[in-house]
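Reading through the structure tokens given below for one structure.
Remember, predicted model here, so these are calculated numbers, not experimental data. Hydrogens, waters and symmetry mates are skipped; everything else that's a heavy atom, side chains included, is used.
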Amino acid sequence: MREMLGYIFGNLRSSETAIKEIRRTLKYQSRFNRNVGLWVGAITAYVVIAELDRREQNKKIKELRNEIEELKRSEGE
């Protein structure tokens with residue numbers, strides 16, 4: 001009987017130890033996932049802002065190109 005109880009409680013102790021280890025691993029994984037999520041959000045915001053800036057610059061370049069063409073035409077006439 002004593003051996004059986006020792007076996008049962010020994011297995012419970014090893015199961016508790018494994019569960020604690022899993023809980024700690026999940027805690028670290030959760031922290032890692034949160035940090036990755038923050039980085040992804042920041043990078044996405046940067047990409048969106050950079051794309052908007054690029055579009056604005058292209059628009060200005062197009063306007064300046066049209067203005068240069070207009071000035072060339074007025075000089076030639």
Original post:
Can you list every pair that meets side-chain hydrogen bond (donor to acceptor under 3.5 Å, both in side chains) and has a residue in residues 37-51, with sequence neighbours left out?
Top reply: E51-R54, E51-R55
Subject >> E3, CD: over 12 other non-hydrogen atoms inside 6.0 angstrom >> reply: no
Subject >> No-hydrogen, no-angle side-chain donor-acceptor test under 3.5 Å, N66 and E70 >> reply: no
Subject >> Single hit among R65, E67, K59 for side chain to side chain contact (heavy atoms under 4.5 Å, CB included) with E63 >> reply: K59
Original post:
Between V40 and F32, is there a shared hydrophobic cluster once you connect ILVMFWY residues whose side-chain heavy atoms come closer than 4.5 Å?
Top reply: yes
Subject >> Side-chain donor/acceptor of S30 to backbone N/O of L26, under 3.5 Å >> reply: no
Subject >> Residues in side chain to side chain donor-acceptor pair (under 3.5 Å) contact with N35, at least two apart in sequence or another chain >> reply: none
Subject >> Salt bridge present between K60 and E56 (N-O < 4.0 angstrom) >> reply: yes
Subject >> Distance in Å, L64 CG paired with L71 CG, rounded so as to fall on 0.5 Å steps >> reply: 10.5 Å
